[in-house]
Amino acid sequence: MTGEYPSEPVRVTSGVLTPFVAMFGLYIIAHGHYGPGGGFAGGVVLAVGALLPRLALPERIAYGAVPAFAGALSMLVGVLAFLLFGLLPLLAGGAFLDYAHVGIGEVAASRLRYLGILVVEVAVGLAVFGAMVLIFDVLAGRVR
Amino acid sequence: MSALTAVGAALVSVGVAFLAVSAVGLLRLPDLYTRAHGVAKAETLGLILVFGGLLLFPQVDFAVAVRLVAVIFFSVVANPTAVHAIARAARREGLGVWTREPS
């Protein structure tokens, strides 16, 4: 399933497109709190940037760029970051994910929500990226 | 409506016609190779024409134009490669070609 794909055009195209796919995933994640996109869609596209080399390029390159342990690690970090950062407003007396109550100096409430949800989107993106990579690596037999 | 917009609208119309032809080909052609042939060429050309035509519209500023050119570039690179991989895999799996008389 993984390893070098036995066709030159597929290998070359995968190698050329992979960085752009990953960059587009980051763009969608960064767009999520004020436009179409978000952590879920962006995380999936970012994961494609890790899975395309696994499908088409030599394993040394693919697993050198994103190692097999990265899936579980990224998922763990993403879920924990989402939970902890989501619980932060509760400590400040607000509702779950309502960052208006986390006062940072003189920053406006709308601005606080904007920045807080951006961090939450990044955490969701990390969790989805990790889940996708982990599912692939389990199916490919690289992780038990 | 300026002349440039008219040219853009004409290009978009021709592109949509090519996309419709590729959809008809996908439905009507008999086997994987003929379908891949029809879809790969007609759909790529249709996408180039539609997005190239959209570039000529006056509402398109620089930021949107960059996105449209990126769509054209990546579909021109990725579309034929995907069809190549599918047709190659089918060939290596021993999928036969369509003949008028069932053999």
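Naming: A, B, ... by sequence-line order, numbering from 1 per chain.
- Side-chain contact between B:Val77 and A:Thr13 is present, with at least one heavy-atom pair separated by less than 4.5 Å.
- Across all non-hydrogen atoms, the minimal contact from A:Pro9 to B:His84 is CG-NE2, 3.9 Å.
- Residues B:Leu32 and B:Val39 are members of separate hydrophobic clusters, defined by side-chain heavy-atom contacts under 4.5 angstrom among Ile, Leu, Val, Met, Phe, Trp and Tyr.
- Note on B:Leu11 and B:Val21: separate hydrophobic clusters, where clusters join Ile, Leu, Val, Met, Phe, Trp and Tyr whose side-chain heavy atoms are under 4.5 Å apart, directly or indirectly.
- Atom CZ of B:Phe18 has 12 or fewer neighbouring heavy atoms from other residues, nucleotides or ligands inside a 6.0 Å radius.
- The CZ atom of B:Phe73 lies 6.5 Å from the CZ atom of A:Phe20; values are rounded to the nearest 0.5 Å.
- A:Val44 and A:Ile135 fall into different hydrophobic clusters, where Ile, Leu, Val, Met, Phe, Trp and Tyr residues are linked whenever their side-chain heavy atoms come under 4.5 Å apart, directly or through other members.
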